[in-house]
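Step one of this worksheet: look at the structure below.
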Amino acid sequence: MQRLLFPPFRALKGRQCLQLLAPRAAPRVQCDCIRRPLRPGQYSTISEVALQSGRGTVSLPSKAAERVVGRWLLVCSGTVAGAVILGGVTRLTESGLSMVDWHLIKEMKPPTSQEEWEAEFQRYQQFPEFKILNHDMTLTEFKFIWYMEYSHRMWGRLVGLAYILPAAYFWRKGWLSRGMKGRVLALCGLVCFQGLLGWYMVKSGLEEKPDSHDIPRVSQYRLAAHLGSALVLYCASVWTSLSLLLPPHELPETRALLWLRRFAHGTAGLVFLTALSGAFVAGLDAGLVYNSFPKMGESWIPEDLFTFSPILRNVFENPTTVQFDHRILGITSVTAITVLYFLSRRIPLPRRTKMAAVTLLALAYTQVGLGISTLLMYVPTPLAATHQSGSLALLTGALWLMNELRRVPK
């Protein structure tokens, strides 16, 4: 017992000791050990450790908090996907210009009486879409397109609340790490920017254009910016949620894996670019020209591909060129995904990663089938909306595979 309580001096010799603070009345215990200089982050006494830990909170959240934040961002991604799909249906039903003003709070209450509806309809009649395209529209028909745009705007407000309110709660609870705080702030800022960009897009379709003989529509440039920012918000939310919810694989860093990871990144960028080009197809109604496949009419390359001058204008303003580019991007994307799948089979990968590669391949060919069917059937609204939803699903699959192949930080 004496040896257990008081070990011999030889046993203590050469060991590093931790000197504890003791009351003044108690005698100090001498320790015949060498005091070494402390490295940054070390503490000399237990009291100093407690003092330092009380000065602030731990920056890294617990695993449980990470799972909660990851699930929250996954739900937010779903709300963004819903907004994109609903916005596409609003565009397909030509309802986006039915609400001619924008108020953050005031417009949340829809018209209720007959007088309010007639006043709203009279405001709509003062703008080009009614004068040129819908001059024989009835009040009942106007109510349909108005409610379509109203639901899209209200869903956008729901997206903002889904991001901002939980973010404030998690911030206050200390569940966000330092890096996650910056990322969440960026996501919330992008949500607010997205709402302002949406109204900026709608304004382009409400302006009088006396020199134009085309039907009133929003600017395809602003439509692409609106969709592009929504896709960026969606991708950032999905990537962050997957990084928090899915444990990373410790894959051997071989040359083949490095090339596969780079090819997956390039393929995901190609899928994103193809989805973004769809905004120009929708903005110019380019899906209603050359409704044949694989040829465009009677030829592989149509004659009016470079009608506009300068030539660069055709890429963004010529419906024929816009559809041609979307076809090329779609075919290139599905080809790249096919190559990516076969490359992944040559490397020993975890089961979950292989599942991601198979899912991406299946989504790619499904999306191609939806796109061709939409074109051949002259863009019916249900099929076109499904095709747009497929682009989000395909983008999600590409992000999932990228996340599976991500490098584990050391």
Side-chain angles (χ1 to χ4, degrees), residues 84-85 87-89 91-94 133 205 212-228 231 266-340 361-395 398:
V84 172
I85 295 171
V89 175
R91 170 64 190 159
L92 289 168
T93 56
E94 298 181 347
L133 189 64
S212 176
H213 301 285
D214 200 0
I215 62 174
R217 56 164 59 101
V218 299
S219 167
Q220 68 270 24
Y221 297 101
R222 300 186 189 184
L223 177 61
H226 187 48
L227 176 62
L231 293 179
T267 303
L270 190 59
V271 171
F272 183 92
L273 186 61
T274 305
L276 188 61
S277 71
F280 289 93
V281 175
L284 293 172
D285 290 329
L288 298 176
V289 298
Y290 293 105
N291 297 93
S292 58
F293 190 87
K295 291 184 177 182
M296 297 184 70
E298 299 296 329
S299 59
W300 292 99
I301 300 178
E303 297 179 355
D304 56 342
L305 194 62
F306 299 111
T307 303
F308 296 171
S309 181
I311 295 180
L312 187 61
R313 281 185 57 200
N314 293 275
V315 179
F316 305 106
E317 299 180 10
N318 187 344
T320 300
T321 311
V322 166
Q323 189 194 119
F324 181 81
D325 292 342
H326 192 62
R327 290 185 183 212
I328 297 299
L329 286 171
I331 294 171
T332 307
S333 296
V334 73
T335 303
I337 291 172
T338 305
V339 173
L340 179 63
L361 183 69
L363 288 172
Y365 281 94
T366 302
Q367 178 68 354
V368 169
L370 287 172
I372 295 174
S373 301
T374 302
L375 182 68
L376 296 180
M377 298 180 67
Y378 291 85
V379 197
T381 298
L383 193 57
T386 307
H387 180 55
Q388 185 170 1
S389 305
S391 66
L392 285 175
L394 185 61
L395 192 56

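Source: prediction; values computed, not measured.
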**Prompt:** Is the shortest heavy-atom distance from the side chain of Pro319 to the side chain of Phe280 under 4.5 Å?
**Reply:** no

**Asked** Which value, rounded to the nearest 0.5 Å, describes the distance between Arg313 atom CZ and Asn318 atom CG?
**Response** 9.0 Å

**Item:** Set of salt bridge (charged side-chain N to carboxylate O under 4.0 Å, His left out) partners for Glu303, sequence neighbours left out
**Value:** none

**Request:** Kindly write out the residues that satisfy side chain to side chain donor-acceptor pair (under 3.5 Å) with Ser389, not counting sequence neighbours, or none if the list is empty.
**Result:** none

**Item:** Passing candidate, side-chain contact (heavy atoms from CB on, under 4.5 Å) with Thr321, options Leu305, Leu284, Asp304
**Value:** Leu305

**Prompt:** Passes side chain to side chain contact (heavy atoms under 4.5 Å, CB included), Glu94 versus Leu133? Steps please.
**Reply:** CA-CA 10 Å; Glu94 298 181 347; Leu133 189 64; 3.7 Å; yes

**Request:** Start with the C-alpha gap between Ile301 and Met296, add the side-chain angles, then the distance that decides, and say whether side chain to side chain contact (heavy atoms under 4.5 Å, CB included) holds.
**Result:** CA-CA 7 Å; Ile301 300 178; Met296 297 184 70; over 6 Å; no

**Message:** If you count heavy atoms of other groups shown closer than 6.0 angstrom to CD1 of Ile311, is the number above 12?
**Reply:** no

**Member of Leu370, Leu376, Thr374, Leu375 meeting the side-chain contact (heavy atoms from CB on, under 4.5 Å) criterion with Ile372** = Leu376

**Complete:** Closest heavy-atom pair, Tyr378 versus Leu288, reported as atoms and distance to 0.1 Å, is O-CD2, 3.9 Å

**Message:** Quick one, Leu92 and Val379 - any side-chain contact, counting heavy atoms below 4.5 Å?
**Reply:** yes

**Pairwise distance CZ(Phe324) to OH(Tyr290) - rounded to 0.5 angstrom** = 11.5 Å

**Item:** Gap between atom CD1 of Ile328 and atom OG of Ser333 - 0.5 Å precision
**Value:** 11.0 Å

**Prompt:** So which heavy atom on Thr366 is nearest to which on Ala362, and how close?
**Reply:** OG1-O, 2.8 Å

**Fill in**
Heavy atoms of Ala268 and Leu395 approach each other most closely as O-CD1, 4.2 Å

**Message:** Please find the pair of heavy atoms, one from Ser391 and one from Ala275, that lie closest to each other, and give the distance.
**Reply:** CB-CB, 4.3 Å

**Message:** With heavy-atom distances below 4.5 Å as the criterion, would you say the side chains of Ile85 and Gln388 are in contact?
**Reply:** no

**Request:** Enter the distance from Leu312:CG to Glu317:CD here, rounded to the nearest 0.5 Å.
**Result:** 9.0 Å

**Message:** Can you give me the closest heavy-atom contact between Thr320 and Pro302, atom names plus distance?
**Reply:** CG2-CG, 3.4 Å

**Interatomic distance, Phe293 atom CZ to Arg327 atom CZ [nearest 0.5 angstrom]** = 6.0 Å

**Prompt:** Would Ser277 and Asp325 satisfy side-chain hydrogen bond (donor to acceptor under 3.5 Å, both in side chains), going step by step from the backbone distance to the final call?
**Reply:** CA-CA 8 Å; Ser277 71; Asp325 292 342; over 6 Å; no

**Request:** For Leu361 and Val334, run side chain to side chain contact (heavy atoms under 4.5 Å, CB included): C-alpha distance rounded to whole Å, both residues' side-chain angles, the deciding distance at 0.1 Å, then the answer.
**Result:** CA-CA 8 Å; Leu361 183 69; Val334 73; over 6 Å; no

**Message:** Between Thr274 and His326, is there a side-chain heavy-atom distance shorter than 4.5 Å?
**Reply:** yes

**Message:** Can a donor-acceptor pair be found, under 3.5 Å and without considering hydrogens, that links the side chain of Gln323 to the backbone of Val281?
**Reply:** no

**Asked** Hey, is the main chain of Phe316 close enough, under 3.5 Å, to the side chain of Gln220 for a donor-acceptor pair?
**Response** yes

**Rounded distance (nearest 0.5 Å) linking atom OG1 of Thr267 with atom CZ of Phe272** = 15.0 Å

**Request:** Could you tell me which residues satisfy salt bridge (charged side-chain N to carboxylate O under 4.0 Å, His left out) with Asp285, sequence neighbours excluded, listed by chain and number?
**Result:** Arg91, Arg217

**Complete:** In short, Ala279 meets Ala224 closest at the heavy-atom pair CB-CA, 3.6 Å

